[in-house]
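This report concerns only the one structure given below.
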Amino acid sequence: RESRTRKRRIRYARKRFWRLQNQRGFRRPEWRERGRIAVKTLKKMTALLTETQGENQDMRLIPLSALQHYAFCPRQCALIHNEQAWAENYLTAQGKALHERVDSGEPETRKGVRFERTVHVSAEKLGISGVLDLVEVEMKTGRLKPVEYKRGKPKPDPIDEIQLCAQGLCLEEMTGQTVSEGALWYMQTRHRVPVVFSDDLRAQTLATIAAVRELLNSGQTPPPDYGKRCKACSLVEICQPALLGKRDRSVGYVEGLFGE
């Protein structure tokens with residue numbers, strides 16, 4: 001009886017395999033070959049990155065998340081990456097749960113697009129590295145598109161776009177092909193926003209990378225700049241922007257008393 005059940009499972013698996021092979025987007029052999037080459041190249045570069053991580057310990061690579069932290073607040077970036085400070089709040093907990101759910105998915109192919117999850121990338125020339133939530137590979141052309149998942153909603157400043165563009169720059173350096181666009185998916189709005197990697201966005205991303213590298217190499221933490229964004233920051237109790245951001249007038253007061 002167990003043998004018959006096993007045979008039925010094997011037959012079902014074979015039928016499902018051939019059904020997937022005959023889906024739309026896999027009927028032309030050259031399409032399949034291009035997609036396989038792109039996926040194979042991406043996996044080889046990821047494996048090479050893992051092997052060479054020990055050889056590049058002297059060179060400090062900037063995490064991709066540091067770019068988003070710096071664009072949000074330079075002091076937050078310094079607290080996290082220079083002082084190794086961290087605290088959770090309900091916003092960061094929701095974001096962590098979202099990324100865990102995305103990363104737990106298996107690679108799959110649907111409608112001619114290969115979905116690779118938890119992709120490790122590194123750009124040695126730019127000095128940045130990180131882990132991508134999702135990379136879409138068009139099996140017909142081999143074109144790559146990074147997709148970043150965010151907890152909240154689209155922001156007025158290009159904070160998330162800079163981080164996404166940096167992911168595209170990593171893929172370009174690793175694979176040698178141009179990555180012209182990506183996408184941001186926001187959990188709060190349940191909406192996917194396409195992002196074109198324009199020349200202005202690329203220049204802004206490179207400028208942010210240079211600024212973050214200078215900040216991390218200095219080892220200094222900028223003074224707080226208290227604002228509306230501080231209410232959403234999980235480090236507000238560590239940073240104390242309302243207290244430390246106030247201007248100290250005691251020196252001028254004392255000088256005024258004795259100057260008279």
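All of these numbers come straight from a predicted model, not from anything done at the bench. FYI, the numbering just counts along the sequence from 1.
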At their closest point, which heavy atom of [X] faces which heavy atom of [Y], and how far apart are they?
X: Gln204; Y: Pro158; value: NE2-CG, 3.5 Å
X: Leu144; Y: Thr175; value: CD1-CG2, 3.8 Å
X: Leu67; Y: Ala166; value: CD1-CB, 3.4 Å
X: Val193; Y: Pro154; value: CG2-CG, 4.2 Å
X: Leu61; Y: Ser129; value: CB-OG, 3.6 Å
X: Gly182; Y: Lys145; value: CA-CG, 3.6 Å

Are [X] and [Y] close enough that some pair of their side-chain heavy atoms sits under 4.5 Å apart?
X: Arg114; Y: Val135; value: no
X: Pro222; Y: Leu215; value: yes
X: Glu148; Y: Asp160; value: no
X: Ser234; Y: Trp86; value: yes
X: Trp185; Y: Arg190; value: yes
X: Val121; Y: Leu64; value: yes
X: Leu79; Y: Thr221; value: yes
X: Lys155; Y: Tyr186; value: yes

Exercise. For Asp199, does the CG atom sit with more than 12 other heavy atoms under 6.0 Å from it, leaving out its own atoms?
Worked result: no
Say whether, by atom type as modelled, one donor and one acceptor occur between the side chain of [X] and the main chain of [Y] under 3.5 angstrom.
X: Glu173; Y: Cys170; result: no
X: Arg117; Y: Glu108; result: no
X: Gln167; Y: Leu132; result: no
X: Arg229; Y: Phe72; result: yes
X: Gln84; Y: His81; result: yes

For this session: List the steps and the verdict of side chain to side chain contact (heavy atoms under 4.5 Å, CB included) for Leu206 and Leu126.
Result: CA-CA 8 Å; Leu206 294 175; Leu126 295 175; 3.7 Å; yes
Problem set entry | CD-CE distance between Glu124 and Met174, expressed to the nearest 0.5 angstrom | 9.5 Å
Exercise. Given Arg202, which of Glu161, Glu181, Glu172 fulfils the salt bridge (Lys or Arg N to Asp or Glu O under 4.0 Å) condition?
Worked result: Glu172
If you group Ile, Leu, Val, Met, Phe, Trp and Tyr by side-chain heavy-atom gaps below 4.5 Å, do [X] and [Y] land in one group?
X: Tyr70; Y: Ile162; answer: yes
X: Ile62; Y: Val131; answer: no
X: Tyr226; Y: Leu235; answer: no

Exercise. Can Thr178 and Arg143 be said to form a side chain to side chain contact (heavy atoms under 4.5 Å, CB included), step by step?
Worked result: CA-CA 8 Å; Thr178 302; Arg143 188 165 51 188; over 6 Å; no
Problem set entry | Salt-bridge criterion met for Asp225 and Arg75 (N-O under 4.0 Å) | no
Exercise. Going by distance alone, is a donor N or O of one side chain under 3.5 Å from an acceptor N or O of the other, for Gln68 and Lys150?
Worked result: no
